[in-house]
> 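I have a structure here, written as structure tokens, and I will follow up with some questions on it.
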Amino acid sequence: LAKTTQPISMDSYEGQEVNITCSHNNIATNDYITWYQQFPSQGPRFIIQGYKTKVTNEVASLFIPADRKSSTLSLPRVSLSDTAVYYCLVGAFNQGGKLIFGQGTELSVKP
Amino acid sequence: GAVVSQHPSWVICKSGTSVKIECRSLDFQATTMFWYRQFPKQSLMLMATSNEGSKATYEQGVEKDKFLINHASLTLSTLTVTSAHPEDSSFYICSARDIRVSNQPQHFGDGTRLSIL
């Protein structure tokens with residue numbers, strides 16, 4: 001299973017765009033990249049998933065370069081409620097979907 | 001969207017007792033569910049993979065006799081912490097994926113806070 005590396009923490013202010021980059025140098029051909037958000041005392045919540053290029057949904061965008069060795073989660077115009085831990089994971093569905101969590105990025109949004 | 005429910009959300013019990021935690025997929029079927037444990041200020045640690053109709057697969061270092069997993073149906077997996085001790089106090093989280101839809105991400109329950117006195 002590919003190992004991921006993310007910044008331990010990031011600070012931002014309300015209304016700013018936040019970009020969190022994740023490195024996954026050993027990503028395999030069948031692996032997808034998935035990002036989750038976790039608030040204290042809650043289970044992780046799915047944000048976005050992609051395989052290559054760019055994916056966008058109503059809450060975030062995911063940018064994946066051609067070599068797929070990294071990915072960037074982009075959160076537009078963050079608010080205080082976006083303060084949470086963000087996890088980047090890679091895994092293949094044909095392996096039963098097993099996911100190994102890294103340390104995650106603790107995002108703190110300030111007023 | 002896919003919903004995974006855990007019960008109970010919080011349990012306090014005396015040392016030596018056994019505690020059962022349920023994980024249900026409410027609107028989809030899941031042949032495989034996963035159990036994680038999370039200590040304060042730490043990431044989630046995968047404990048085991050729960051397989052419907054067969055034995056669970058445990059991660060290295062996780063005692064299978066301590067953490068009993070049963071996956072009797074496509075919508076329910078249970079984790080029983082046997083003879084619980086204070087060091088078993090933690091936040092336990094399950095996840096599942098809809099097998100009917102290709103490339104579906106895992107969805108997580110809201111966790112169970114276990115406190116052993």
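Only a predicted model underlies this, so the values are computations on that prediction, with no experimental measurement involved. In what follows, every chain begins at residue 1, and chains take the letters A, B, ... in the order their sequences are listed.
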> Return the minimal non-hydrogen interatomic distance between A:Leu99 and B:Leu46, and the atom names on each side.
O-CD2, 4.2 Å

> Hey, which of A:Pro40, A:Gly102, A:Pro44, A:Gly104 has the most heavy atom pairs under 4.5 Å with chain B?
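Heavy-atom pair counts peak at A:Pro44.
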
> B:Leu44 versus chain A, heavy atoms under 4.5 Å apart: side chain, backbone, both or neither?
both

> Between A:Gln38 and B:Gln38, is there a side-chain donor-acceptor contact under 3.5 Å, judged purely by atom types and distance?
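Side-chain D/A pair, B:Gln38 to A:Gln38: present.
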
> Taking atom CD as the centre, does A:Glu106 end up with more than 12 heavy-atom neighbours from other residues, nucleotides or ligands that are less than 6.0 angstrom away?
no

> Consider only side-chain heavy atoms of I, L, V, M, F, W and Y, link residues closer than 4.5 Å, and tell whether A:Leu73 and A:Val18 are in one cluster.
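Cluster IDs for A:Leu73 and A:Val18 match.
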
> With heavy-atom distances below 4.5 Å as the criterion, would you say the side chains of A:Phe46 and B:Gln106 are in contact?
no

> Within a radius of less than 6.0 Å around CD1 of A:Ile8, do more than 12 heavy atoms belonging to other residues, nucleotides or ligands occur?
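12 or below, so no.
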
> Looking only at heavy atoms, which two atoms of B:Pro105 and A:Thr34 are closest? And how far apart?
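The answer is CB-CG2, 4.4 Å.
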
> How about NZ on B:Lys66, more than 12 heavy atoms from neighbouring residues, nucleotides or ligands closer than 6.0 Å, or not?
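Buried by this count: over 12 neighbours within 6.0 Å.
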
> Give the cluster check for B:Tyr36 versus B:Tyr58: same hydrophobic cluster or not, with ILVMFWY residues linked at side-chain heavy-atom distances below 4.5 Å.
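They do not share one cluster, since no chain of ILVMFWY contacts under 4.5 Å joins B:Tyr36 to B:Tyr58.
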
> Near B:His7 NE2, under 6.0 Å, is it more than 12 heavy atoms from other residues, nucleotides or ligands?
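Counting neighbours around NE2 of B:His7, 12 or fewer heavy atoms of other residues, nucleotides or ligands fall under 6.0 Å, so no.
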
> So, do B:Asp110 and A:Phe39 sit near enough that their side-chain heavy atoms are less than 4.5 Å apart?
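Of all side-chain heavy-atom pairs linking A:Phe39 with B:Asp110, none is under 4.5 Å.
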
> What are the two closest non-hydrogen atoms of B:Ser43 and A:Phe101, and how far apart are they?
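That would be OG-CB, 3.3 Å.
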
> Please flag which part of A:Tyr36 lies under 4.5 Å from any non-hydrogen atom of chain B: side chain, backbone, both or neither.
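For A:Tyr36, side-chain heavy atoms alone lie under 4.5 Å from chain B.
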
> Working to the nearest 0.5 Å, report the span between CD of B:Gln104 and OH of A:Tyr32.
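So the gap between those two atoms works out to 11.0 Å.
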
> Are A:Ile64 and A:Ile47 in one and the same hydrophobic cluster, where Ile, Leu, Val, Met, Phe, Trp and Tyr link if side-chain heavy atoms are under 4.5 Å apart?
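Linked within one cluster.
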
